[in-house]
Structure formats: C-alpha cells, structure tokens
Asks: 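Quick one: structure below, then a few questions.
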Amino acid sequence: MNAARVDEVVGEFVNLKKRGVNLLGLCPFHNEKTPSFTVSPAKGIYKCFGCGKAGNSVNFIMDHESLSYPEALRYLADKYNIEIEETVLAKEEIEQKTERDSLYILMSAAQKYYSERLHEDEEGKTIALTYLKERALTPKTIEGFQLGWSSLGRDDFSQWAIKNGYNREYLVKTGMSFETEQGSLFDRFRERIMFPIHNIAGKIVGFGGRILRSNAKEAKYINSPETDIYNKSKILYGLFQARKAIRQRDEALLVEGYMDVLALHQAGIEHAVASSGTSLTDDQLRLVKRFTDNITFLFDGDAAGQKAALRAIDMALELELNVKMLLLPADHDPDSFVKAYDIEYVEQYFKDHSQNFIAFRIGLLPEDVLRDPIKKSEIVREMLNSVVLIKDIIKRNLYLREISKLLDFDEKVLNDELRRMAASKFKKDNKAPDLTLAEPQVISQEQAIRSQATAVNQEKQLLKVLLLYGSRMYTDDMTSAQFIYRETSGMEWENDHCRILFERYREATEQENNLADVNFLIHDQPEEMRRFVYDVITERYQLSPGWEKFLRRTVVSPDANYKEEVKSAIGYLKFTKISKIVEENQKGVALLETDEAIDELFMLQQVLLNMRKQLAVELGIG
Ligand code: UTP
Ligand code: MN
C-alpha cells in the first residue's frame with residue numbers, strides 16, 4: 001500500500017491536474033464533462049463527486065481493470081517490482097489449476113479455429129457469413145463477439161485439435177468432442193454459427209451454436225455442457241462486452257437471447273446481457289450487482305416470458321436490486337425492434353416504457369380482474385409478497401403507495417398486511433423480526449427517513465469512532481475498541497453495513513492483536529460497502545442538520561478528545577436503543593394477558609427508564 005501511490009496508480013489511466021492539495025480529473029467510471037474525480041495523495045484515496053465511487057489504489061485497479069482482489073495485488077506488485085509470496089499450493093491444487101488453464105487454452109484455440117472457418121473457408125463464407133449478413137450483423141459485431149462457424153464434417157474440429165497437439169481428455173472434458181466406445185472422437189458442434197461465451201475476465205468458457213435454418217429435428221441452439229470452467233448459473237452472455245457500459249449507465253439490461261444481445265450492442269445499447277441457455281439464476285443477478293444496483297428486464301411478452309419475469313423480479317428484489325420492467329410492442333423482440341427503428345427512437349421508447357414492477361404486474365392483468373374484489377385482493381397479496389422482500393423501508397413504503405394508488409386500496413390496510421407477512425416470513429426464515437416493520441401506523445416517507453436517519457447515524461458514528469480511535473487506549477488496560485465491544489455486546493444493529501463492518505473489525509482485532517485498519521476492512525468489499533466506509537469516516541452524514549437537531553447540541557468537532565467521542569457515540573446509541581425498547585414495551589402491554597406478565601414487563605420497564613434517565617444526564621440531553 002505504501003508503494004502503490006494512489007496518484008501514480010490512477011494517473012496511469014486518468015489525466016490528473018493539481019488542484020490545491022488534491023488532484024482532479026475526469027472520472028473513468030462514468031461519463032462527465034466537468035472533472036469531479038479527486039485523488040488525495042495524502043489520504044491515499046480517490047473519490048468521485050459525480051458518481052460517488054471511492055477507494056484506494058487496489059480498489060481502483062480492481063474496478064477499472066475488473067480484477068479480483070488478489071489479481072489487483074499481483075498487478076500492482078508487478079508494476080512496482082515487489083515480489084509477493086503466494087501460499088504454496090498443494091500438489092492436487094497445482095494439478096487442478098493447470099488443468100483449468102489447459103481447458104481455457106483449448107477453448108480459446110477452438111474460438112480461433114471456428115472464426116477461421118467463418119472467414120476463410122469457402123463454405124463458411126458462402127453459407128454462414130451470408131446468413132449473418134442477412135441478419136444485418138456488421139463485421140465489427142461479428143469480430144467483437146468473436147463469432148465463428150463449425151463445418152459439416154463429423155469430426156473436423158476434433159481432428160484438427162488432435163493434430164495440433166491438444167489433449168483428447170480435455171476435448172472430452174470441455175464437451176467440445178464426444179468419444180465413442182471405440183475411442184474415436186466426433187464434434188459436438190456441426191454446421192452451426194458459433195457464439196463464444198466469455199467469463200468476466202474475457203476468457204472463453206463455452207459456446208452456443210445456432211443452427212442455420214430451422215429444422216424440426218434439431219434444437220435451434222446447442223450449448224456447451226457445464227464444466228470445471230463453465231458454471232452456467234454464474235455466467236451471463238455478453239457481460240464481458242457489456243461491463244463498461246453497465247457501469248457507465250449504472251444499469252444492466254437483461255434480455256433473452258444471444259441474438260438479442262448482439263443486435264442491441266450493435267445498435268449502441270451496450271449494457272445488454274442474456275442468461276444463456278438456462279433460466280435466470282440468483283448468482284447471475286449477483287454478478288450484475290457487482291457492476292450496478294439497477295436492472296431492467298426485457299422479456300418477451302408471451303406467457304412463458306411473463307412467468308420468467310415474475311420469478312426474476314422476486315429474485316432481484318431479494319438481492320436489493322432496483323428492478324424495472326420493459327415490454328416491447330407485440331410481435332417484436334429486441335433484435336427485430338432495434339432493426340425496425342433508429343436508435344433515438346429505441347432509447348426514447350426504453351425510457352418511456354420502463355415500469356416499476358408494480359405497474360408492470362398490474363398492466364398484465366385483464367380488465368375484469370380489477371373489478372372482482374376477491375381476485376383483486378389476491379393480486380394485492382401477491383404483490384405484497386414481492387414488496388416484503390425489499391429490505392429498505394423507504395423503498396418498501398414507496399411501493400406500498402404505488403399499489404394503493406394504482407389499485408385504489410387503503411394504504412393503512414396494505415401496511416398492516418405487509419407487517420403480518422413480514423412477521424410470518426421472519427418466523428419462517430428463523431430471523432429476528434425486523435424492527436422497522438413493527439411501527440404501528442403507516443409512516444410517511446419523511447418520517448421514515450428521519451427515524452431511520454437518527455438510529456442509523458448513531459450506528460455510523462459508533463463505527464466511525466471505532467475505525468478512527470479503536471486502537472487508542474481508553475483506560476490504562478483497555479483499548480477504545482475493547483471498551484466499545486464491551487458496551488455493545490448483544491446489541492442488535494439496525495444497519496446491515498454497520499453490523500458487518502463492526503463484526504469484521506472485531507474479528508480482526510481480536511485475532512490479529514489490533515492490526516485492523518480501514519484498508520483491511522474494505523479491501524475485498526463491494527463498491528457499495530467501500531463507499532459507505534468512506535462516507536462514514538469522512539463524516540459527511542455527521543454534519544447533516546438532522547443529526548444535530550436530534551441531539552439538541554453541537555456536533556462534537558473532529559478535534560475533540562477522542563475518549564469523549566467514543567463515550568458519547570456509545571451513549572447516544574444506547575439512548576436510542578433503549579428508547580425504542582421502552583416504546584415497544586408500552587405498546588406491548590396491551591397484548592399481555594396475565595398479571596404476572598404485566599408485572600414482569602413493568603419491572604423491566606423501570607430499569608430501562610432509569611437507565612435512560614441516567615444516560616440523558618450524562619449526555620447533557622436530559
Ligand atoms: P431464441 O429462440 O429467442 O433465440 O432463444 P435468439 O437468440 O433470439 O435467436 P434467433 O433470433 O432465433 O436467431 C433465446 C435463447 O434461449 C436459448 C439461447 O440462449 C437463445 O439465445 N436457447 C434457445 C437454447 O439454449 N436452446 C434452444 O434450442 C433455443
Ligand atoms: Mn431472436
């Protein structure tokens with residue numbers, strides 16, 4: 001980290017100009033005309049005020065070059081001539097790794113072979129290239145997606161591969177060849193347009209092969225099987241080519257077919273990807289989430305497409321993706337649509353017709369359903385089943401409002417039902433109930449933001465003092481971190497990010513003897529998390545008016561005594577948590593049936609109230 005100076009590392013990709021103590025340039029992660037990408041050599045971090053990306057040298061390389069954490073370290077080590085000792089691999093691990101490498105090499109050779117057949121062989125040129133031209137694909141697209149052609153012969157490829165020294169075992173393992181009982185090889189792909197499938201590092205892991213003319217006897221597409229290098233549920237077709245556009249647009253467009261991806265990219269809609277040869281999986285959506293939080297589904301309007309869409313919505317919501325749905329005019333698929341209209345029209349259409357999932361579902365319903373109260377309430381329940389998957393309370397409320405508005409349903413009733421569902425879902429998942437769902441009335445968006453902000457801000461404040469002062473001594477024999485752990489043991493966190501980071505930090509300090517620092521904490525975390533940490537330690541939230549107002553006193557200045565900060569962070573957090581329990585107990589009394597139960601709760605309540613009073617005095621907010 002000391003060698004890989006952030007200004008040097010970033011400077012290799014971004015033209016940076018000096019501006020005060022910082023450097024300034026155009027952000028490489030989004031399109032901007034006025035530079036707002038700052039690099040602070042002193043802090044060792046970059047921060048973009050346009051798109052909010054932030055991180056250190058390693059994060060930058062990971063993001064910019066789409067490398068994993070270890071890959072980025074190797075990259076930097078190489079750049080600065082630092083030797084890194086990697087864990088020595090066991091013998092089987094080396095064998096496994098070399099085998100995987102061999103499979104990659106074979107797939108890459110196959111791609112070159114098939115492309116040559118397409119561009120050099122008479123048969124390829126007259127039959128396949130002509131076909132691709134009929135489908136209006138340009139040489140640039142054919143090139144960019146490395147399309148190819150597999151010839152008619154039953155073992156042309158296998159023979160070529162053996163002749164060129166490729167191991168027959170790997171031919172069979174990759175599924176490129178079948179082996180007969182007599183031991184002869186024949187090709188999986190024959191007489192097909194070849195679509196190489198890349199992983200996000202750009203390595204080819206499999207192929208899809210499209211037959212030229214429809215033929216009832218054979219499948220339109222044949223795909224490579226699952227192999228050691230091709231895990232179908234974790235690969236999205238076109239993601240390698242789409243990843244830059246997905247980042248820039250901060251959105252991914254999910255379509256159904258290979259051909260759709262090609263046509264969209266060719267038209268300039270380069271954030272399109274497809275799940276190849278399988279129905280969409282959870283892992284594929286996680287892959288998308290590495291690049292963006294926003295996903296738009298562009299499914300066919302037919303019944304199968306609709307069913308796929310509903311499944312996809314729930315999966316995406318559960319991963320906290322923001323979901324939009326897009327339907328094309330009847331009789332169109334993305335491929336035909338972009339060919340029928342110019343790009344301005346298409347982009348405008350996409351913009352105008354993207355719907356949230358509530359509006360999309362309602363749009364699918366036949367008229368009479370909405371006039372039948374029983375059917376209508378079934379629909380509402382179905383939609384609430386999706387809404388309950390959303391963890392963000394503000395978003396959840398916005399969707400409730402949408403349902404209430406579009407279906408003319410009372411928001412309070414919806415909210416009650418949602419809470420009931422949440423409770424039983426949590427019971428089923430065996431998780432603690434979500435406190436945000438225990439609020440009795442429909443809370444307005446503003447209230448939601450406010451109540452969320454105060455509790456969460458306090459958790460952030462605590463995290464901040466932990467990160468900044470954790471290693472300093474709080475008393476003679478206790479670090480600030482140890483003090484914080486002791487005071488918060490058993491506490492339930494409102495904010496998942498805070499909880500995760502707090503736990504990570506604690507595990508690290510407990511094991512490594514206080515070696516944890518911010519870089520350690522976030523090195524392998526997703527972008528969102530890193531941004532979160534930088535926001536926390538650069539105290540953007542802390543100076544927000546809400547915070548100050550809530551505390552009814554001046555925000556502690558960053559220069560103040562750190563022990564004071566640690567102490568007050570703990571104090572405020574406890575104060576809010578206790579207040580929350582006190583409130584819940586008040587509401588809970590009505591549900592208790594026996595006198596003993598009421599007495600017990602009352603005793604607990606008095607303890608809590610005393611604690612709260614004490615804290616208020618200490619904090620000067622009594
Ligand atoms: P489509 O039939 O819509 O294919 O299937 P397409 O990509 O639009 O191709 P064209 O326009 O007919 O040339 C959608 C996707 O479903 C998978 C493929 O991934 C295909 O791209 N599929 C389809 C198969 O895996 N096998 C098949 O037999 C058919
Ligand atoms: Mn098609």
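Since the model is a prediction, treat every value here as computed from it, not as a measurement. In each ligand, atom 1 is the first atom listed, and ligand 1 is the first ligand listed.
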Asks: Students should be able to answer this: which protein heavy-atom is nearest to atom 1 (P) of ligand 1, and at what distance?
Replies: Lys220 NZ, 3.7 Å
Asks: How close does the nearest protein non-hydrogen atom get to atom 22 (N) of ligand 1, and which residue and atom is it?
Replies: Tyr221 CD1, 3.9 Å
Asks: Please tell me if atom 3 (O) of ligand 1 is touched by the protein, where touching means a protein heavy-atom distance below 4.0 Å.
Replies: no
Asks: Kindly confirm or rule out an N or O of Tyr258 lying under 3.5 angstrom from an N or O of ligand 1.
Replies: yes
Asks: Checking Asp121 now: which residues fulfil side-chain hydrogen bond (donor to acceptor under 3.5 Å, both in side chains) with it, not counting sequence neighbours?
Replies: Arg117
Asks: Below 6.0 angstrom between ring centroids: does that apply to Tyr166 and Tyr170?
Replies: no
Asks: If you count the atoms of ligand 1 from 1 in the order shown, which ones are under 4.0 Å from a heavy atom of Glu256?
Replies: 14 (C), 15 (C)
Asks: So, Asn322 versus Asn294: side-chain donor-acceptor pair below 3.5 Å or not?
Replies: yes
Asks: Is it true that a side-chain atom of Arg247 and a backbone atom of Asp63 form a donor plus acceptor pair closer than 3.5 Å?
Replies: yes
Asks: Does the ring center of Phe357 lie less than 6.0 Å from the ring center of Phe297?
Replies: no
Asks: Indicate yes or no: does Lys391 engage Glu318 in a salt bridge with an N to O separation below 4.0 Å.
Replies: no
Asks: I need the nearest protein heavy-atom contact for atom 11 (O) of ligand 1: residue, atom name and distance, please.
Replies: Arg135 NH2, 2.8 Å
Asks: Is Asn223 touching ligand 1 with its side chain, its backbone, both, or neither, if touching means heavy atoms under 4.0 Å apart?
Replies: side chain
Asks: Could you pull out all residues at least two apart from Thr138 that satisfy side-chain contact (heavy atoms from CB on, under 4.5 Å)?
Replies: Lys140, Thr141, Gln266
Asks: May I ask you to check whether Ala219 has an N/O atom sitting below 3.5 Å from an N/O atom of ligand 1?
Replies: no
Asks: For ligand 1, is there an N or O atom under 3.5 Å from any N or O atom of Arg210?
Replies: yes
